[in-house]
Amino acid sequence: MLDIAPPASLVECVDPEPMAPGLTDRTARNFPVQLSIIVPTYNESANLKELTARVVAALGDVAWEMIIVDDDSPDRTAAKARQLSLSDHRVRVIRRIGRRGLSSACIEGMLSSSAPFLAVMDGDLQHDPALLPNMLHIMRSEATDIVIASRHVDGGSLGDWSEQRVSISRFATQLARRIAAVEISDPMSGYFMLQRKIVDDHVHNFTGTGFKILLDIVLSCKGHLRISEVPLVFGIRSHGESKLSINVCWEYLMLLVDKTIGRILPSRFVAFGLIGSFGVVIHMTILSLLVMVAGMGFLPAQTLATASAIAANFTTNNLLTYADRSLKGWRWLGGLASFAIICGVGALANIGVANLLFGQHTSWPLAALAGIVASAVWNYGVSARYTWGVMR
């Protein structure tokens, strides 16, 4: 569901933002647009006015537009973007309802543009718009598919990042470079410019998951890209909060999984299986404690351990595997109930398949493994459809 800002005459009555210094409407309709700047946002309303003013100051008479793609931010980022569009029609907004994720937001923004050049940058003022003219010059004058603003070339830096975050970034960068097999100093950068032909030719290969859209693009193109880099000094966030979280790290790993074995196994299924293995550890730990320490009988201990493992699996999958459609409130309770029922049927499938194969003289380890695989496929497929509502 898209909520795209209409022309000013059709917008609800709001007081327009005062026009930023140097901002004029003279070039607002100076088509064709040469550069579309895609800015994915979530709770960035306090930064949009300053970001727009910096883009205006940097690009001068370049025919550009800025497309704010907002994931229905509680701080009304989309409404703020609409106010800015009343002063400058080069600012557009797409408000996404029921969908989350930086990569998918960037892809939707790119596909809404007709410009020959596309730039992606954050809305938190940590990416300096002053680099845009040089990036555009390189795109126009050199045989280049992508220009990356890199924090890891001479002249670039990570700014005021903590040692822990620097270490995480270095590890993720090295892992990405090994898998991508491309000599890029900063494959984790969120600030880059590319030819729209790249999107047109390869968009069906993009996963659209996670927060690292550049890495998604590079991996999808399988190394067939001409890449240039310019130094980026990472700025200091003045408003809002960092998006780095356990979900970001997890989705990054799942992106790498998808790009390495995604044609064999869906990354969600891999995540579901890993979390299921974690559930086995929880089950056995609780069972051991209840039987060996608390002295509880096996049947009640097994029942409590099973219920705990199911609840842990559901909670973790809801947080990580299905972060883009996470259930909350009463829907969380309903989801837990449906997940428990599905897993119960899966347990019956496990026993049935294993018993059938064992009865046909299959060795017991293979029969047990077949039962586990059958229940895992059942649990994954049915819970995806009925617990989290994934249609495909």
Side-chain touch [X]/[Y], heavy atoms, less than 4.5 angstrom:
{"X": "Val199", "Y": "Leu118", "answer": "yes"}
{"X": "Val39", "Y": "Ile67", "answer": "no"}
{"X": "Asn43", "Y": "Pro74", "answer": "yes"}
{"X": "Ser114", "Y": "Val33", "answer": "no"}

Considering residues at least two apart in sequence or located in another chain, which fulfil the ring-ring contact (aromatic ring centres under 6.0 Å, His included) criterion with Phe117?
none
With [X] via side-chain hydrogen bond (donor to acceptor under 3.5 Å, both in side chains) - residues at least two apart:
{"X": "Ser383", "result": "none"}
{"X": "Thr316", "result": "none"}
{"X": "Asp200", "result": "Arg196"}
{"X": "Ser228", "result": "Thr144"}

Can you list the residues that meet the salt bridge (charged side-chain N to carboxylate O under 4.0 Å, His left out) rule with Asp72, with sequence neighbours excluded?
Arg95
With sequence neighbours left out, write down each residue that passes salt bridge (charged side-chain N to carboxylate O under 4.0 Å, His left out) with Asp145, or none if nothing qualifies.
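By the salt bridge (charged side-chain N to carboxylate O under 4.0 Å, His left out) rule, Asp145 matches Arg226.
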Below 30° counts as parallel, above 60° as perpendicular, anything between as tilted: where do the rings of Phe272 and Tyr380 land?
perpendicular
Would you call the rings of Phe314 and Trp332 parallel, tilted or perpendicular, taking 30° and 60° as the class edges?
perpendicular
Determine which pairs satisfy side chain to side chain donor-acceptor pair (under 3.5 Å) with at least one residue from residues 343-356, sequence neighbours left out, and list them in order.
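Non-adjacent pairs meeting side chain to side chain donor-acceptor pair (under 3.5 Å): zero.
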List, by chain and number, the other hydrophobic cluster members for Leu289, where Ile, Leu, Val, Met, Phe, Trp and Tyr join if side-chain heavy atoms come within less than 4.5 Å, directly or indirectly.
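So far as hydrophobic clustering goes, Leu289 is joined with Val293.
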Would you give me the side-chain donor-acceptor pairs under 3.5 Å for residues 333-345, sequence neighbours excluded?
| from | atom 1 | to | atom 2 | distance (Å) |
| --- | --- | --- | --- | --- |
| Ser338 | OG | Gly335 | O | 2.9 |
| Ser338 | OG | Thr387 | OG1 | 2.9 |

How many angstroms lie between [atom1] in [X] and [atom2] in [Y], if you round to the nearest 0.5 Å?
{"X": "Gln360", "Y": "Leu357", "atom1": "CD", "atom2": "CG", "value": "6.0 Å"}
{"X": "Arg82", "Y": "Asp70", "atom1": "CZ", "atom2": "CG", "value": "9.0 Å"}
{"X": "Asp216", "Y": "His202", "atom1": "CG", "atom2": "NE2", "value": "12.0 Å"}

Applying side-chain contact (heavy atoms from CB on, under 4.5 Å), run through Asp124 and Glu44 and close with a yes or a no.
CA-CA 7 Å; Asp124 56 12; Glu44 300 289 1; 3.8 Å; yes
Restricting to pairs with a member in residues 91-112, which pass ring pair (Phe, Tyr, Trp, His ring centres under 6.0 Å), not counting sequence neighbours?
none
Expected list for residues 297-307: side-chain donor-acceptor pairs under 3.5 angstrom, two or more places apart:
| from | atom 1 | to | atom 2 | distance (Å) |
| --- | --- | --- | --- | --- |
| Gln302 | OE1 | His283 | NE2 | 3.0 |
| Thr303 | OG1 | Leu299 | O | 2.9 |
| Thr306 | OG1 | Gln302 | O | 2.8 |

Would you say Asp71's side chain and Ala105's backbone share a donor-acceptor pair under 3.5 angstrom?
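No, the answer is negative, given that no donor and acceptor are paired below the 3.5 Å cut-off.
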